[in-house]
Amino acid sequence: MSILVAGGAGYIGAHVVHDLLDRGEEVVVVDDLSYGDASRIRDAKLVELDVAADGAQRELFNTMVDEDVSAVIHFAARKQVGESVEKPMWYYQQNVGGLANMMSAMRDANVGNMIFSSSAAVYGIPPVSVVEEDIVKTPINPYGETKLIGEWMMADCERAFGLRWIGLRYFNVAGAGSNDLGDPAILNLVPMVLDKVEKGEPAMIFGTDYDTPDGTCVRDYIHVSDLANAHIAALDYLTSGKEMEYHTFNVGTGKGTSVREIVDGLKQVIGRDFAVEELDRRAGDPPQLIGDASRITEVLDWHAQYGVDEILQSAYSAWQQGPRPIA
Ligand code: UFG
């Protein structure tokens, strides 16, 4: 029996692949390698495939049968908020279409367990700063919409053919489990600051006049190794056969850290001061977004092991191994 990890060569997926291999699972990775890197999956089997491509459903079905797949962990998706606003139909085609292909193949191959990468983006700009899973969900961009639709699709498949599923709603993921598994993209706060410092340019803070303790946005930062571990806990829960009361879980810590605190933390980690530019607010940023972690702690017995210090240390350490270390 094996676990199929779609998007397993990417930043978060590869952490989960390593954890699965470490505990002796057979793993088959399906990845189009558009962002993923085959060197990150050790000796897991790789099927190079865009899950949203024409004909992907048949190839996924064949892989599930050939590899005796018992569960799917589905990371494969596009995840850039701004890009999703510019290319909404492509996001629907990729994220919703890819998931539909995967779940159709699962139905046909009789694979009954699914873990889906959802996102705190499903909450949009929530009416409260610490969000519980059941509050109103009004995503404010196509990326968040495709994630919420993904959860609905899985609930529909549960009704239609008994799919067992979990949607993990990730908060702000950063850090690295090892130096070779750092986030290669420069799209989020921590890598964006490191990138600016390496170039000798000022780091950017978008907005200093929010109604938050220091005026900058507050987020719930989660170490990628803790996030990987949440997938393992979810997998064990799904495959235990226990009756499932809940399907969606925040993967957060319940604690908030401001943009300024992250920037100051990086100064500590790098060991020197660097220039910072305070800019206007970035459109669409909620002032504060923190995940209530009670449900995942209670039901999956999961809680974050690492704090912001370890997140920043590990992100910096992996950055230093990359192509452009900070001198
Ligand atoms: N920020 C800066 N300077 C930068 C980069 C970011 O001030 O150079 C600020 C942003 O304005 C925001 C905070 O840092 O206030 C975090 O921004 P990120 O882009 O790192 O993350 P977001 O909270 O915007 O979004 C992330 C993921 C999304 C996911 C969302 C859910 O990138 O995919 O968390 O909370 F949907």
Side-chain angles (χ1 to χ4, degrees), residues 7 10-12 35 75 77-85 91 95 116-126 128-131 133 135 137-148 150-151 167-175 183 185-199 201-222 224 227 248 250-267 274-293 308 311-312 315:
Y11 167 53
I12 302 170
Y35 285 90
F75 295 96
R78 308 295 155 194
K79 63 169 187 178
Q80 296 181 41
V81 170
E83 184 181 56
S84 80
V85 175
Y91 265 67
N95 291 5
F116 173 67
S117 301
S118 188
S119 169
V122 299
Y123 297 114
I125 300 189
V128 291
S129 53
V130 182
V131 296
E133 285 85 351
I135 67 158
K137 284 166 280 296
T138 42
I140 55 164
N141 50 60
Y143 167 71
E145 287 162 1
T146 63
K147 292 295 174 182
L148 188 54
E151 293 181 1
L168 296 176
R169 296 185 185 145
Y170 308 165
F171 281 70
N172 287 61
V173 187
D183 184 355
I186 302 179
L187 297 169
N188 294 114
L189 176 61
V190 173
M192 283 173 74
V193 171
L194 294 173
D195 177 61
K196 289 290 187 188
V197 175
E198 186 277 328
K199 288 177 175 155
E201 297 171 10
M204 300 180 290
I205 295 183
F206 300 130
T208 54
D209 60 349
Y210 286 98
D211 184 16
T212 56
D214 69 14
T216 67
C217 286
V218 171
R219 293 288 181 276
D220 186 344
Y221 291 89
I222 169 105
V224 64
L227 177 59
T248 53
N250 288 336
V251 193
T253 67
K255 293 191 206 91
T257 306
S258 74
V259 172
R260 204 185 288 284
E261 287 171 323
I262 294 287
V263 170
D264 289 346
L266 284 169
K267 288 180 180 174
F274 52 77
V276 176
E277 194 176 5
E278 297 185 352
L279 300 164
D280 289 344
R281 294 180 177 196
R282 191 175 71 173
D285 277 341
Q288 187 154 305
L289 191 56
I290 298 169
D292 185 313
V308 167
I311 291 174
L312 300 183

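Counting convention: from 1, in listed order, for ligands and their atoms alike.
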Next on the checklist: How long is the straight-line distance from CG of Leu168 back to CZ of Phe75, given to the nearest 0.5 Å?
Outcome noted: 8.5 Å

Checklist entry - Does ligand 1 have a heavy atom under 4.0 Å from the side chain of Arg219, from its backbone, from both, or from neither? => result side chain

Checklist entry - Going by the order shown, which atoms of ligand 1 are within less than 4.0 Å of some heavy atom of Ile205? => result 7 (O)

Checklist entry - Would a search of protein heavy atoms around atom 26 (C) of ligand 1 find one under 4.0 Å away? => result yes

Checklist entry - For atom 17 (O) of ligand 1, which protein heavy atom lies nearest, and how many Å away is it? => result Arg282 NH2, 3.5 Å

Checklist outcome for this item: the protein heavy atom lying closest to atom 22 (P) of ligand 1 turns out to be Asn172 ND2, 3.6 Å

Checklist entry - Do NZ/NE/NH1/NH2 and the carboxylate oxygens of Asp195 and Lys199 come within less than 4.0 Å? => result yes

Checklist entry - Can any side-chain N or O of Thr216 pair as donor or acceptor with the backbone N or O of Arg260 at less than 3.5 Å? => result yes

Item to check | Ligand-residue contact atoms, ligand 1 with Leu289, heavy atoms, under 4.0 Å | outcome: 35 (O)

Next on the checklist: Could you tell me if Lys79 sits above the aromatic ring of Tyr143, with its cationic atom closer than 6.0 Å to the ring centre and no more than 45 degrees from the axis?
Outcome noted: no

Checklist outcome for this item: Residues Val190 and Ala315: closest non-hydrogen pair is CG1-CB, 3.8 Å

Item to check | Closest non-hydrogen atom pair between Gly284 and Ile125, with its separation | outcome: O-CD1, 4.4 Å

Item to check | pair Pro126-Gln288: side-chain heavy atoms closer than 4.5 Å | outcome: no

Checklist outcome for this item: Looking only at protein heavy atoms, what sits closest to atom 18 (P) of ligand 1 is Asn188 ND2, 3.5 Å

Checklist outcome for this item: Note: Ala174 and Tyr11 closest approach over all heavy atoms is C-OH, 3.2 Å

Checklist entry - Mind checking whether Tyr123 has a heavy atom under 4.0 Å from ligand 1? => result no

Next on the checklist: Which of the numbered atoms in ligand 1 are under 4.0 angstrom from any heavy atom belonging to Ala121?
Outcome noted: 31 (C), 36 (F)

Checklist entry - Minimum heavy-atom separation for Val128 to Val131, with atom names? => result O-CG1, 3.9 Å

Next on the checklist: For atom 13 (C) of ligand 1, what's the nearest protein heavy-atom neighbour? Residue, atom name and distance, please.
Outcome noted: Val259 CG2, 3.8 Å

Checklist entry - What residue and atom, counting heavy atoms only, is the protein's closest point to atom 31 (C) of ligand 1, and at what distance? => result Ala120 CB, 3.6 Å

Checklist outcome for this item: The closest protein heavy-atom partner of atom 29 (C) of ligand 1 is Ser119 OG, 3.7 Å

Checklist entry - Given Met204, Glu278, Arg260, which one has a non-hydrogen atom that is nearest to atom 3 (N) of ligand 1? => result Met204

Checklist outcome for this item: Atoms of ligand 1 under 4.0 Å from any heavy atom of Tyr143, numbered from 1 in the order shown, are 33 (O), 36 (F)

Checklist entry - Just how far is it from atom OG of Ser118 to atom NZ of Lys137, taken to the nearest 0.5 Å? => result 9.5 Å

Next on the checklist: With respect to Phe206, determine whether any N or O atom, backbone or side chain, lies less than 3.5 Å from an N or O atom of ligand 1.
Outcome noted: yes

Next on the checklist: I need the nearest protein heavy-atom contact for atom 15 (O) of ligand 1: residue, atom name and distance, please.
Outcome noted: Cys217 CB, 3.1 Å

Checklist entry - Looking only at protein heavy atoms, which one is nearest to atom 11 (O) of ligand 1, and how far off is it? => result Asp285 OD2, 2.5 Å

Next on the checklist: A side-chain contact here means heavy atoms from C-beta on lying under 4.5 Å apart; do Leu189 and Met192 qualify?
Outcome noted: no

